[in-house]
Amino acid sequence: QVQLVESGGGLVQAGGSLRLSCAASGLAFSTYVMGWFRQAPGKEREFVAVITRNGGSTFYADSVKGRFTISRDNAENAVYLQMNSLKPEDTAVYYCAADRPSYGFRVQAYSYDYWGQGTQVTVSS
């Protein structure tokens, strides 16, 4: 019974900040690479950020680089996404997901085994 539960979404003005959380249960959290993805209405789900098992490496989509920060706390079985300087184009449902590559990380949504239900982020102009 693996569960990933996102929280922290909401409505913010452009330029504002939001911190998303994802609480994991039912899996050996530290064995998974964790990623954040987002999906806007009518759009494909897109990669946002990923963090390796021990938090040693991160990688971001170009669209969010320098504005978003992914982090994790293995003791708390949680992964976070700090979003700063938000833009209207960041509006989407944000999902956390768990992957277990043999090494490194992957950015393809289909590679991820487990997904949360998503949390809505709306950025007004």
Side-chain angles (χ1 to χ4, degrees):
Q1 189 181 339
V2 173
Q3 284 192 307
L4 302 177
V5 181
E6 301 95 336
S7 61
L11 173 63
V12 297
Q13 291 187 326
S17 297
L18 211 55
R19 181 177 172 86
L20 306 183
S21 298
C22 174
S25 61
L27 77 170
F29 184 75
S30 63
T31 69
Y32 284 86
V33 167
M34 298 298 298
W36 284 96
F37 293 78
R38 66 187 183 186
Q39 188 166 24
K43 300 294 183 66
E44 296 291 318
R45 188 166 299 189
E46 69 172 335
F47 167 77
V48 175
V50 64
I51 187 165
T52 52
R53 292 172 174 87
N54 65 355
S57 297
T58 59
F59 181 72
Y60 301 88
D62 287 343
S63 59
V64 307
K65 194 173 299 179
R67 299 188 298 120
F68 290 12
T69 302
I70 187 171
S71 61
R72 68 189 294 162
D73 186 340
N74 286 349
E76 297 294 330
N77 286 182
V79 62
Y80 308 95
L81 186 68
Q82 177 66 46
M83 305 184 294
N84 298 327
S85 301
L86 283 162
K87 305 174 180 179
E89 51 261 48
D90 295 318
T91 295
V93 175
Y94 283 70
Y95 300 88
C96 67
D99 187 21
R100 207 193 303 209
S102 58
Y103 63 89
F105 61 86
R106 296 184 285 205
V107 302
Q108 307 97 320
Y110 63 75
S111 297
Y112 286 71
D113 298 315
Y114 302 110
W115 293 83
Q117 85 290 346
T119 186
Q120 177 71 49
V121 171
T122 302
V123 184
S124 64
S125 59

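Positions are given from 1 along the sequence.
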On a heavy-atom basis, the closest approach of S17 and S85 is OG-N, 4.3 Å
Mind listing the closest non-hydrogen atom pair of V121 and M83 along with its distance? CG2-CE, 3.8 Å
Hydrophobic cluster (4.5 angstrom, side-chain heavy atoms) - remaining members for V5: none
Any T69 side-chain heavy atom under 4.5 Å of Y60 side chain: yes
Taking C-beta and beyond as the side chain, do L4 and M34 meet within less than 4.5 Å on heavy atoms? yes
Closest non-hydrogen atoms of T119 and G9, given as atom of the first, atom of the second and distance, are OG1-N, 3.2 Å
Taking the side chain as C-beta and beyond, is there a heavy-atom pair between S63 and R38 under 4.5 Å? yes
Grouping I, L, V, M, F, W and Y whenever their side-chain heavy atoms are under 4.5 Å apart, do W36 and F47 come out in a common cluster? no
Where is the tightest heavy-atom contact between N74 and F29, given as atom of each residue plus distance? OD1-CE2, 3.1 Å
Under a 4.5 Å side-chain heavy-atom rule over Ile, Leu, Val, Met, Phe, Trp and Tyr, are V123 and L20 clustered together? yes
Nearest 0.5 Å please: distance from the OG atom of S30 over to the CG atom of D73. 11.5 Å
Under the rule for side-chain hydrogen bond (donor to acceptor under 3.5 Å, both in side chains), what residues qualify as partners of Q82, not counting sequence neighbours? N84
Closest approach of Y32 and D113, non-hydrogen atoms and distance? CE2-OD2, 4.1 Å
Taking a hydrophobic cluster as the set of Ile, Leu, Val, Met, Phe, Trp and Tyr residues connected by side-chain heavy atoms closer than 4.5 Å, whether directly or through intermediates, do Y94 and V64 fall within one such cluster? yes
What is the distance from atom OG1 of T52 to atom CG of D99, rounded to the nearest 0.5 Å? 12.0 Å
For K43, does the NZ atom have more than 12 heavy-atom neighbours from other residues, nucleotides or ligands under 6.0 Å away? no
Which distance, rounded to the nearest 0.5 Å, do you find between the SG of C96 and the CD1 of I51? 12.5 Å
Would a single hydrophobic cluster contain both F37 and F59, if residues Ile, Leu, Val, Met, Phe, Trp and Tyr are joined by side-chain heavy-atom contacts under 4.5 Å? yes
So if you build clusters from Ile, Leu, Val, Met, Phe, Trp, Tyr with side-chain heavy-atom gaps below 4.5 Å, do V107 and Y95 land together? yes
side-chain hydrogen bond (donor to acceptor under 3.5 Å, both in side chains) filter on Q39, not counting sequence neighbours, yields R45
Q120 side chain reached by T91 side chain, heavy atoms, under 4.5 Å: yes
Just how far is it from atom OG of S125 to atom CD of Q13, taken to the nearest 0.5 Å? 9.0 Å
Tell me whether Y112 contacts the main-chain N or O of R106 through its side chain, where contact means a donor paired with an acceptor under 3.5 Å. yes
Are any non-hydrogen side-chain atoms of V79 and C22 less than 4.5 angstrom apart? yes
Does any non-hydrogen side-chain atom of R67 lie less than 4.5 Å from one of D90? yes
Distance from S111 atom OG to F105 atom CZ, nearest 0.5 Å? 11.5 Å
Got more than 12 heavy atoms from elsewhere within 6.0 Å of CD, Q108? yes
Value for CG (L27) from CZ (R100), rounded to nearest 0.5 Å, stands at 7.5 Å
Is the shortest side-chain heavy-atom distance between F68 and L81 below 4.5 Å? yes
